[in-house]
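In this chain, residues are counted from 1 in sequence order. Below, each value reflects all heavy atoms present in this structure, side chains not excepted, and no hydrogens, waters or symmetry copies.
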Amino acid sequence: QFDKIQRDDVDEIVNIYVNLDKGKYEMEVKKYIALFMRNIIRFIDPEVYTNPIMKVKEFKTEYAVGQRIKNSINLLTYINAEQDVFVKMASIYAEEELLTVDEMAKDSVGEFLNLNNGLFLVGMSNIGIELDMEPQSDLFEKTISSTYVLPIELPFGKMELIISQV
């Protein structure tokens, strides 16, 4: 286990830090989180680490974008961060300096989520699970009920990956 962590084995790290309730979508959510972490490393910043996932009754977003994955697996997925982290993440993904949370910043973070979710859908399709997704939307200062929150530390601040099973 230690050797896999030293080699940055994302799947093993997810298995250590992501303990979900047994049952509905457990393996799929772990695959989703592992893919998300690989995409953060690839497209945002390789110096990333996570803390253990938390199940919360309510989570109040700050600056968040979300997207629903639906069909035989139904998930609501969100990226949430404080304003400065949201803007920095948007700037990195857009490869353009952004200074405020404007339409460009929202679209940039939303497209990162869309990219990740599209890759997740392709991976699920490859194993015979056909899924769809709805367009992404922003959810600033909204409350999400009964959800998993995965805190993710980046060199420029903290963000959360939020996943709700529906």
Side-chain angles (χ1 to χ4, degrees), residues 4-5 7-20 23-54 59 61 63-81 85-96 98 103-139 144 147-166:
K4 289 181 180 179
I5 292 172
R7 288 185 283 125
D8 293 328
D9 184 327
V10 172
D11 293 311
E12 184 63 26
I13 292 167
V14 167
N15 279 329
I16 292 168
Y17 286 100
V18 177
N19 295 308
L20 305 172
K24 194 166 137 177
Y25 314 143
E26 177 189 11
M27 294 311 300
E28 292 85 355
V29 170
K30 283 188 173 189
K31 286 181 183 183
Y32 180 90
I33 292 169
L35 175 66
F36 187 87
M37 294 304 294
R38 282 192 287 277
N39 285 327
I40 286 284
I41 291 165
R42 180 176 178 193
F43 294 106
I44 305 300
D45 198 299
E47 297 300 318
V48 60
Y49 68 92
T50 184
N51 291 301
I53 198 166
M54 303 171 287
F59 184 86
T61 67
Y63 292 87
V65 292
Q67 188 170 42
R68 182 178 181 164
I69 295 171
K70 60 185 184 176
N71 213 344
S72 59
I73 297 172
N74 293 287
L75 301 172
L76 296 171
T77 60
Y78 309 90
I79 295 171
N80 180 68
V85 176
F86 192 91
V87 170
K88 180 68 174 173
M89 184 176 178
S91 295
I92 292 168
Y93 190 68
E95 297 180 347
E96 182 176 322
L98 303 173
E103 288 305 311
M104 180 71 169
K106 290 188 268 187
D107 288 348
S108 179
V109 177
E111 280 306 311
F112 175 77
L113 182 62
N114 190 62
L115 165 104
N116 187 79
N117 290 351
L119 291 172
F120 178 72
L121 267 60
V122 169
M124 291 291 100
S125 177
N126 289 341
I127 58 171
I129 300 171
E130 298 301 324
L131 301 171
D132 293 310
M133 59 186 175
E134 295 177 356
Q136 61 271 32
S137 59
D138 59 75
L139 293 107
I144 302 168
T147 193
Y148 287 104
V149 177
L150 182 67
I152 299 170
E153 300 287 340
L154 295 158
F156 50 88
K158 182 178 89 170
M159 60 164 285
E160 293 90 16
L161 171 63
I162 304 165
I163 303 172
S164 297
Q165 300 175 8
V166 290

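- Applying the 6.0 Å contact sphere to NZ of Lys88 captures no more than 12 heavy atoms from other residues, nucleotides or ligands.
- Atom CD1 of Ile44 is separated from atom CG of Leu154 by 8.0 Å, given to the nearest 0.5 angstrom.
- Within the 4.5 Å cutoff, side-chain heavy atoms of Leu131 are placed close to those of Ser72.
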### Criterion side-chain contact (heavy atoms from CB on, under 4.5 Å) on Ile79 and Met89, from CA distance to verdict
CA-CA 10 Å; Ile79 295 171; Met89 184 176 178; 4.1 Å; yes
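- The distance from atom CD1 of Ile33 to atom CD1 of Ile40, rounded to the nearest 0.5 Å, is 12.5 Å.
- Taking 4.5 Å as the limit, some side-chain heavy atom of Glu111 sits within range of a side-chain heavy atom of Gln136.
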### Message
Walk me through whether Glu130 and Asn71 qualify under side chain to side chain donor-acceptor pair (under 3.5 Å).
### Response
CA-CA 7 Å; Glu130 298 301 324; Asn71 213 344; over 6 Å; no
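- By the 4.5 Å heavy-atom criterion applied to side chains, Val48 and Ile152 are counted as neighbours.
- The side-chain heavy atoms of Glu96 and Leu98, taken from C-beta on, include a pair separated by under 4.5 Å.
- Of the residues listed (Leu161, Ile144, Asp138), the one engaging Tyr78 in a side chain to side chain contact (heavy atoms under 4.5 Å, CB included) is Ile144, and it is the only one.
- In this structure a side-chain-to-backbone donor-acceptor pair under 3.5 Å is missing from Ser137 to Gln67.
- Here the two rings, on Phe36 and Phe112, have centers that are under 6.0 Å apart.
- Contact annotation: the side chain of Thr77 never approaches that of Met133 to less than 4.5 Å [non-hydrogen atoms, C-beta and beyond].
- Minimum interatomic distance between Thr147 and Ser164 (heavy atoms only, all atoms of both residues): OG1-OG, 2.7 Å.
- Contact detail for Glu47 and Pro155: the closest heavy-atom pair is O-CD, 3.0 Å.
- At distances below 3.5 Å, at least one donor-acceptor pair connects side-chain atoms of Ser91 with backbone N or O atoms of Val87.
- Other residues, nucleotides and ligands contribute more than 12 heavy atoms inside 6.0 Å of the CZ atom of Phe43.
- Remark: Tyr63 pairs with Phe140 by the ring-ring contact (aromatic ring centres under 6.0 Å, His included) rule, at least two apart or across chains.
- In this structure, CG in Leu76 is found 9.0 Å from CG in Leu139, a value given to the nearest 0.5 Å.
- A distance of 8.5 Å separates CG in Leu150 from CE in Met159, rounded to the nearest 0.5 Å.
- Annotation: the span from Leu75 atom CG to Arg68 atom CZ amounts to 9.5 Å, rounded to 0.5 Å.
- Ion pair Glu28/Lys31 not flagged as a salt bridge, since none of the NZ, NE, NH1 or NH2 atoms sits closer than 4.0 Å to an Asp/Glu carboxylate oxygen.
- Lys158 is not listed as a side-chain neighbour of Val85, based on a closest heavy-atom distance of 4.5 Å or more.
- In this structure, the separation between CG on Asn117 and CD on Glu134 is 11.5 Å, given to the nearest 0.5 Å.
- Pairs engaging residues 113-138 under the ring-ring contact (aromatic ring centres under 6.0 Å, His included) rule: Tyr32-Phe120 [sequence neighbours left out].
- The two atoms that bring Ala90 and Ser108 nearest to each other are O-OG, 2.8 Å, heavy atoms only.
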